[in-house]
Trainee: 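This is the structure, below, for whatever I ask next.
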Amino acid sequence: MQPLLELKGLTKYFPVTGGFIFKRQVGNVHAVDGVDLKVGEGETVGLVGESGCGKSTLGRLAARLYEPTFGKVLYRGQDISTASRRELKPIRPEIQMIFQDPYSSLNPRQTVGAIISGPMEINGINPPGGHEKRVRELLETVGLNPEHYNRFPHEFSGGQRQRIGIARALALNPKLIIADEPVSALDVSIQAQVINLLQELQRDLGIAFLFIAHDLAVVRHFSQRVAVMYLGKVVEVGDRESIYLRPRHPYTHALLSAVPEATVEDEPRQRIRLAGDVPSPINPPTGCRFRTRCWKAQERCAEEAPPLIQLAGNREGHLTACHFPEAPTTSGEDVVLDPALA
Ligand SMILES: Nc1ncnc2c1ncn2[C@@H]1O[C@H](COP(=O)(O)OP(=O)(O)O)[C@@H](O)[C@H]1O
Ligand code: SF4
Ligand SMILES: [Mg+2]
C-alpha cells in the first residue's frame with residue numbers, strides 16, 4: 001500500500017556565514033541528512049532524539065514549511081517538495097502542525113474563535129452551520145468550554161492553550177498532523193492529558209501522526225512505530241515492540257535507559273549515561289555520527305558510515321544503522337526490557 005507520507009533521502013543544510021563586512025558562506029549546518037521514513041494512513045510514528053538532532057527541521061520539511069536541500073517529500077505519492085503554490089493548495093490543509101510552545105504559537109490579540117476559524121476562512125472551508133458553530137464543536141472535541149469562544153489566549157492555562165492549537169489544526173480536517181514536542185513545555189501532570197486527547201483523536205478520526213519528542217517515554221504509548229534520530233540521521237526505526245523490547249542501536253539503548261518506568265524484572269535497568277553533548281552538526285563526525293559518544297566504537301566506525309539495514313534476527317521493518325549492534329536481548333534469552341509491553 002502506498003504510504004501517506006514518504007521521505008526519501010531528505011536533506012536540509014542551513015548555510016553558515018562568516019566574515020565582518022562581506023558575509024560569505026563558510027559551511028553548512030547538516031540539520032537533516034539523508035532521511036528515509038514512511039508514515040502510513042492513520043498511523044502514528046514517533047520521532048525521538050536529543051535536542052539538536054534535527055527533529056523540528058524534519059517536521060517542517062515534511063509539512064513543507066521548509067524546502068529540502070536534497071531529497072523528496074512524497075504525499076500520497078506526489079512529490080510536494082518541488083510542487084508549486086497552486087499544486088500545494090489542495091494538499092496544505094491535509095497536513096497540519098502542532099507546535100511545542102503554546103504561548104508563542106497563538107496570536108495573543110486574537111480571540112480563540114478567530115484563531116480556530118482563521119485557517120478555515122483562508123482555505124475557503126465553509127462548514128454547515130457556519131464557522132462559529134464549527135469552532136464550538138471543535139472546542140468541545142478538544143475538551144474546552146465552547147462558551148469560551150470569545151476569550152483570548154492569555155486567559156487559558158498552558159495545557160488549554162495547547163488544546164486550542166490542536167483545535168486549530170483539526171479545523172481543516174487534516175489527514176496528517178505533525179506534532180513537534182506538543183507536550184514538552186507542559187507540566188508533567190498535564191502532559192498525559194494532552195497525549196490522551198491526541199490518542200483519542202487519532203483513534204476516532206483516523207488521523208496519521210508524526211509525533212516528535214526528545215525522549216522515548218513520551219511517545220511510548222502513542223506510537224505504532226518509532227524512529228530514533230541522531231545528528232540528522234535516523235539510526236534505528238521499527239515497530240514499537242522492536243524499539244522498546246529489542247533495540248539494537250547503542251543510542252536507542254542509551255535513550256531507553258533514561259525511561260524511568262522501564263525495568264528488567266523489577267530491577268532498575270542499567271542506566272547508560274551519555275557523555276557530553278550532541279556534536280556540532282556543522283562538522284559532524286566522519287563515519288558513524290554517534291561514535292564520539294559510543295562505548296562500542298572501533299576504527300571502522302570512523303571510516304565507514306553504517307547503513308540503515310535490517311539486521312539478522314530483527315523483525316520486518318526494524319532497521320538499525322550500526323556496525324557493532326547490541327545483542328537483541330541482554331542475556332541470550334528473551335529478556336523483556338520493558339515488562340509493561342510484554
Ligand atoms: N533556521 C535555521 N538556521 C540555521 N540552523 C538551524 C535552523 N534551524 C535549525 N538549525 C540547526 O539545525 C540543527 C537541528 O535543529 P532542530 O531541527 O531544531 O533540532 P531538534 O528539533 O531535534 O532540537 C541544530 O544544530 C540547529 O541549531
Ligand atoms: S557504528 Fe560504531 S560508533 Fe556507531 S553506534 Fe555502532 S558501534 Fe557505536
Ligand atoms: Mg525541536
Side-chain angles (χ1 to χ4, degrees), residues 7 10-18 23 25-35 37 46-63 65-69 97-102 104-105 178-185 210-216 218-219 227-237 247-256 272 274-309 311 319-328:
L7 313 179
L10 196 60
T11 301
K12 182 69 180 175
Y13 295 159
F14 294 109
V16 182
T17 52
K23 292 266 177 253
Q25 189 174 340
V26 293
N28 278 310
V29 177
H30 299 233
V32 173
D33 216 345
V35 167
L37 190 65
L47 180 69
V48 298
E50 285 161 290
S51 191
C53 284
K55 305 181 299 296
S56 293
T57 304
L58 184 89
R60 284 163 185 266
L61 286 166
L65 298 177
Y66 285 158
E67 253 179 62
T69 310
M97 270 196 96
I98 302 172
F99 297 95
Q100 172 174 356
D101 187 353
S104 67
S105 57
I178 297 165
D180 189 359
E181 307 214 28
V183 299
S184 298
L210 182 63
F211 191 109
I212 299 172
H214 58 251
D215 67 56
L216 277 161
V218 168
V219 298
V228 178
M229 206 171 167
Y230 188 77
L231 214 49
K233 291 193 177 287
V234 169
V235 297
E236 186 154 39
V237 59
R248 305 296 303 274
H249 199 283
Y251 185 57
T252 312
H253 272 261
L255 288 182
L256 264 178
I272 302 165
L274 274 179
D277 295 323
V278 180
S280 161
I282 296 173
N283 278 311
T286 57
C288 174
R289 294 185 177 188
F290 187 55
R291 71 178 165 82
T292 55
R293 300 165 84 198
C294 182
W295 54 96
K296 303 186 86 178
Q298 299 181 32
E299 228 171 85
R300 182 175 170 204
C301 304
E303 289 159 4
E304 216 183 296
L308 186 65
I309 51 168
L311 301 172
L319 312 179
T320 310
C322 177
H323 295 307
F324 308 103
E326 300 279 331

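Just follow the structure's listing: the first ligand is 1, and inside any ligand the first atom is 1.
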Trainee: Go through the steps for Val32 and Met229 under the test side chain to side chain contact (heavy atoms under 4.5 Å, CB included), then give the verdict.
Mentor: CA-CA 9 Å; Val32 173; Met229 206 171 167; 4.1 Å; yes
Trainee: Quick check: are there more than 12 heavy atoms from other residues, nucleotides or ligands sitting under 6.0 Å from CD of Gln25?
Mentor: yes
Trainee: For the pair His249 and Val228, evaluate side chain to side chain contact (heavy atoms under 4.5 Å, CB included) and give the outcome as yes or no after the intermediate values.
Mentor: CA-CA 9 Å; His249 199 283; Val228 178; over 6 Å; no
Trainee: Please list the nearest protein heavy atom to atom 8 (Fe) of ligand 2 with its residue and the distance rounded to 0.1 Å.
Mentor: Cys294 SG, 2.3 Å
Trainee: Give the atom numbers and elements of ligand 1 that come within less than 4.0 Å of a heavy atom of Ser56.
Mentor: 17 (O), 18 (O), 20 (P), 21 (O)
Trainee: Would you say the side-chain atoms of Thr286 pair up with the backbone N or O of Ala302, donor to acceptor, closer than 3.5 Å?
Mentor: yes
Trainee: Against heavy atoms of Cys288, which atoms of ligand 2 measure under 4.0 Å?
Mentor: 1 (S), 3 (S), 4 (Fe), 5 (S)
Trainee: With atoms numbered from 1 as shown, which atoms in ligand 2 lie under 4.0 angstrom from a non-hydrogen atom of Cys322?
Mentor: 1 (S), 5 (S), 6 (Fe), 7 (S)
Trainee: Under 4.0 Å from a heavy atom of Pro281: give me the atoms of ligand 1 that qualify, with their elements.
Mentor: 25 (O)
Trainee: For Tyr13, which of Thr57, Asn28, Asp33 qualifies under side chain to side chain donor-acceptor pair (under 3.5 Å)?
Mentor: Asp33
Trainee: Any non-hydrogen side-chain atom of Tyr251 less than 4.5 Å from a side-chain atom of Cys322?
Mentor: no
Trainee: Show, in sequence, the C-alpha distance, side-chain angles and deciding distance for Gln298 and His323, and conclude whether the side chain to side chain contact (heavy atoms under 4.5 Å, CB included) test is met.
Mentor: CA-CA 9 Å; Gln298 299 181 32; His323 295 307; over 6 Å; no
Trainee: So which protein heavy atom does atom 8 (N) of ligand 1 come closest to, and at what separation?
Mentor: Phe14 CE1, 3.4 Å
Trainee: Arg291 and Cys301: which non-hydrogen atoms are nearest, and at how many Å?
Mentor: CD-O, 3.6 Å
Trainee: What is the ring orientation for Phe290 with Tyr230, classed by angle as parallel under 30°, tilted 30 to 60°, or perpendicular over 60°?
Mentor: perpendicular
Trainee: If you take all heavy atoms of Val35 and Gly232, which pair is closest and at what distance?
Mentor: CG2-O, 3.5 Å
Trainee: Below 4.0 angstrom from a heavy atom of Thr57, which ligand 1 atoms are there? Numbered from 1 as shown, please.
Mentor: 9 (C), 15 (O), 16 (P), 17 (O)
Trainee: Can you name the closest pair of heavy atoms from Ala213 and Val219 and give their distance?
Mentor: CB-CG1, 3.6 Å
Trainee: Of all the non-hydrogen atoms in the protein, which one sits nearest to atom 11 (C) of ligand 1, and at what distance?
Mentor: Val29 CG1, 3.7 Å
Trainee: Can you tell me the protein heavy atom closest to atom 19 (O) of ligand 1 and the distance?
Mentor: Gly54 N, 3.1 Å
Trainee: Where do Lys12 and Leu61 come nearest, in terms of heavy atoms and distance?
Mentor: CB-CD1, 3.7 Å
Trainee: Under 4.0 Å from atom 2 (C) of ligand 1, do we find at least one protein heavy atom?
Mentor: yes
Trainee: Within ligand 2, which atoms have a heavy atom of His323 less than 4.0 Å away?
Mentor: 1 (S), 6 (Fe)
Trainee: Pair Arg289, Val278 - check side chain to side chain contact (heavy atoms under 4.5 Å, CB included), show working.
Mentor: CA-CA 9 Å; Arg289 294 185 177 188; Val278 180; over 6 Å; no
Trainee: Please work out whether any backbone atom (N, CA, C, O) or any side-chain heavy atom from C-beta onward of His249 is under 4.0 Å from ligand 2, and answer side chain, backbone, both or neither.
Mentor: side chain
Trainee: Any idea which atoms of ligand 2 are less than 4.0 Å away from a heavy-atom of Ala297?
Mentor: 3 (S)
Trainee: Go through ligand 2 atom by atom and flag the ones less than 4.0 Å from a non-hydrogen atom of Arg291.
Mentor: 3 (S)
Trainee: With a cut-off of 2.8 Å, does Cys301 put an N/O/S atom close enough to atom 2 (Fe) of ligand 2?
Mentor: yes
Trainee: Go through ligand 1 atom by atom and flag the ones less than 4.0 Å from a non-hydrogen atom of Ser51.
Mentor: 23 (O)
Trainee: Side chain, backbone, both or neither: which part of His214 comes within less than 4.0 Å of ligand 1 when only heavy atoms are counted?
Mentor: neither
Trainee: Tell me, please, if Ser51 has any N/O/S atom, main chain or side chain, under 2.8 Å from the Mg ion (ligand 3)?
Mentor: no
Trainee: Which of the atoms in ligand 1, numbered in the order shown and given with their element, are less than 4.0 Å from a heavy-atom of Cys53?
Mentor: 19 (O), 20 (P), 22 (O)
Trainee: How far is atom 24 (C) of ligand 1 from its nearest protein heavy atom, and which residue and atom name does that atom have?
Mentor: Gly52 O, 4.1 Å
Trainee: Ligand 1 and Ala31, any nitrogen or oxygen pair closer than 3.5 angstrom?
Mentor: no
Trainee: Does the protein place a non-hydrogen atom closer than 4.0 angstrom to atom 27 (O) of ligand 1?
Mentor: no
Trainee: Any heavy-atom pair between the side chains of Phe324 and Pro250 that's under 4.5 Å?
Mentor: no
Trainee: Go through ligand 1 atom by atom and flag the ones less than 4.0 Å from a non-hydrogen atom of Glu50.
Mentor: 22 (O)
